[in-house]
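Data block below; observations after.
Lettering of chains follows the sequences in order, A, B, ..., and the numbering in each one begins at 1. Hydrogens, waters and symmetry mates play no part in the numbers below; they use all other heavy atoms, side chains included.
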Amino acid sequence: MSIETGGYGALVIVIVMALVTLATRWGGVFVMSFVPISYRVQQFISAMSGSVLVALLAPLALNGDNGARLALLATGLTMLMVKKPLLAITLGLVTAAVYRYLFP
Amino acid sequence: MSDINSNLHELNRSNIWAGFVQLVPLSIFVIIFGLAFGLAATQTGLDAWSTIAMSTFVFAGASQFAAMELWGQEISLLPLAITVFAINARHLLMGATLYPWLRHLPPSKRYGVMLVITDANWAMSLQKFSRGEPAMGLLFGGGLTLWSFWVLGTWLGIYFGNAIQDPVSLGLDMVMGCFLLAMLVGGKKDTRVFAIWCVAAIASLLAYWFLPANSHVVVGALAGGILGAIWMESEK
C-alpha cells in the first residue's frame, strides 16, 4: 500500500511510525511479563537492528557520487579510531563538501 | 524482597527531576542530532509540522533518518513500517533487560516510563540498577530530557534548513548516511558481527537490483537477523 507524502499523507506516515515505535518500546516489557525472551530471539533482534542499517547504507554507498562515498569512508574510519559520532559525522560532511568543491 | 530492593524502583518528583538534570549535559549532543534531522527533513521536503510531529511522537533518531532515506512522492507503508520496526527492535531488548526492576511498578507507570526509553537513558540506568542503586528517576527523568532536547533540536534544524541555499555543495545530503553509519560502527564489532553485516549488505544489494523498490531494507535486515539467530554468541 502506497501513500502520497503531501498533505495529510505525511501525518498518516508519522502516526504509523509512532505506533510501530511504541510497539517496540512496550513490546519487550509486555512479552517479558508472560514469558522470558529466549536467547536465540535476542540474538536475532540484535543482529537485525544492525543489519537494517547496513541494508540502508549499501545502495547509498554504491549509487552515490565519489563525494558521498568518501564521506561515508571518513565517518566510518573516524568512528573506528575515536568512536565519537559527532566528530565522525562532521568529518564526513566536510569531506563531501571539500571533494565537491574541488571536483564539481 | 528487602526494603533496600524495593526502594530501587521508586519513582517520585525529586528523583525524576534529578534524572532530568543529570542528562542535560549529554543532551547538548542530542540537540545537534535533532538539528541534523530537522535539516535533513526540510531538504527531503517534509513540512515543518510533520517534522516536529515525527520527532515528538516517534522519538527514535535512526528510524527517522531512515524514513527520510525512503521518502519520495509516494511511500509504501509496509516496507516503511518494517524498516522502522527493525531499526527500533532494540527497544524490545531494552524493555526486556529492565523488566526485573520495572515489574515492581504498577502497569500504568511501567508503560509510562517506557514511553521515553532510548539508548542513553537505558544504558545509564541499567548500569546503576545492576550496581544495586536506584535508577528509575534517571530512566524516566533522563528520558524526558533527551526527548525535549530532541524536539528542540529538530525545531532549530527546520529553521536553519530553510536558510541554506545549496545543501548538497555543503555535504548536507550526507547527514543521514553518515549518521546511520556512525550508529552502526559505534556498536559491537567482531567476526560474527562482520559476517552478519556482509550477509545483510549482499542480500540488500541483490534485493535492490532484482526485487521491488524499497524491499532491500527488509530483505537485508532479515538476512542479517537470521544469520545472527543461527550463529549465536556463546552465552555469558
Region of Ala74(A) that comes under 4.5 Å of a non-hydrogen atom in chain B: neither
Winner by heavy-atom pair count (cut-off under 4.5 Å) against chain B, out of Ile45(A), Val12(A), Val20(A), Ile3(A): Ile3(A)
Parallel, tilted or perpendicular: ring planes of Phe30(A) versus Tyr111(B), cut at 30 and 60 degrees: tilted
Chain B contact via Ile37(A) - which portion, at a heavy-atom distance below 4.5 Å: side chain
Proximal component of Ile89(A), with respect to chain B [non-hydrogen, under 4.5 Å]: both
Tyr99(B), OH atom: more than 12 neighbouring heavy atoms under 6.0 Å: yes
Residues Asp173(B), Arg100(A): salt bridge by 4.0 Å N-O rule: yes
Of all pairs that satisfy salt bridge (charged side-chain N to carboxylate O under 4.0 Å, His left out), the ones with a partner from residues 214-223 of chain B, not counting sequence neighbours: none
When Ile32(B), Thr83(B), Val168(B) are compared by non-hydrogen pairs under 4.5 Å with chain A, the top option: Val168(B)
Option that, when pairs with chain B are counted at under 4.5 Å, heavy atom only, ranks first among Val14(A), Val41(A), Leu19(A): Val14(A)
Under 4.5 Å from a heavy atom of chain B, the part of Leu62(A) involved: side chain
Exercise: identify the closest heavy-atom pair between Arg90(B) and Ser49(A): CB-OG, 4.1 Å
Largest heavy-atom contact set with chain B, pairs under 4.5 Å, which of Leu72(A), Val31(A), Leu91(A): Leu72(A)
Whether Gln43(A) side chain and Glu233(B) backbone form a donor-acceptor pair below 3.5 Å: yes
Region of Gln73(B) that comes under 4.5 Å of a non-hydrogen atom in chain A: backbone
Minimum-distance pair of heavy atoms, taken over all atoms of Val185(B) and Gly76(A): CG1-O, 4.0 Å
Under 4.5 Å from any heavy atom of chain A - which part of Tyr208(B): side chain
Ile117(B) portion near chain A, given a 4.5 angstrom heavy-atom threshold: both
Test side chain to side chain contact (heavy atoms under 4.5 Å, CB included) applied to Leu56(A) and Leu181(B), Ile87(B), Leu184(B), the passing residue: Ile87(B)
Chain B contact via Tyr99(A) - which portion, at a heavy-atom distance below 4.5 Å: neither
Among the listed options Met17(A), Arg25(A), Met79(A), Met32(A), the residue most often paired with chain B at heavy-atom distances under 4.5 Å: Arg25(A)
Residue, of Ala96(B), Pro107(B), Gly45(B), Ala60(B), that accumulates the most heavy atom pairs under 4.5 Å with chain A: Ala96(B)
Under 4.5 Å from any heavy atom of chain B - which part of Asn63(A): side chain
Heavy-atom side-chain contact between Val218(B) and Val52(A) under 4.5 Å: no
Thr5(A) side-chain N/O to Gly72(B) backbone N/O, donor-acceptor pair under 3.5 Å: yes
Proximal component of Leu60(A), with respect to chain B [non-hydrogen, under 4.5 Å]: side chain
Options Ala97(A), Gly27(A), Pro104(A), ranked by heavy-atom pairs under 4.5 Å with chain B, top entry: Ala97(A)
Trp71(B) to Ala10(A) - nearest heavy-atom pair and separation: CZ2-CB, 4.3 Å
Note, Tyr101(A) side chain near Ser169(B) side chain (heavy atom, < 4.5 Å): no
Heavy-atom pair count under 4.5 Å with chain B, highest-scoring of Ile15(A), Leu80(A), Val29(A), Val94(A): Val29(A)
Residue pair Ile13(A) / Ile75(B), side-chain heavy-atom distance below 4.5 Å: yes
Least distance between heavy atoms, Gly92(A) atom then Cys178(B) atom: CA-SG, 4.0 Å
Shortest non-hydrogen separation from Ser204(B) to Pro59(A) and the atoms involved: OG-CD, 4.3 Å
Contact leader toward chain A among Ala81(B), Ala200(B), Ala207(B), Ala221(B), where contacts are heavy-atom pairs under 4.5 Å: Ala221(B)
Ser51(A) vs Ile196(B) side-chain heavy atoms within contact, under 4.5 Å: yes
Portion of Ile82(B) that has a non-hydrogen atom of chain A nearer than 4.5 angstrom: neither
For chain A, the option from Leu78(B), Leu205(B), Leu98(B) that forms the most heavy-atom pairs under 4.5 Å: Leu205(B)
Side chains of Phe33(B) and Leu86(A) in contact at under 4.5 Å (non-hydrogen atoms): yes
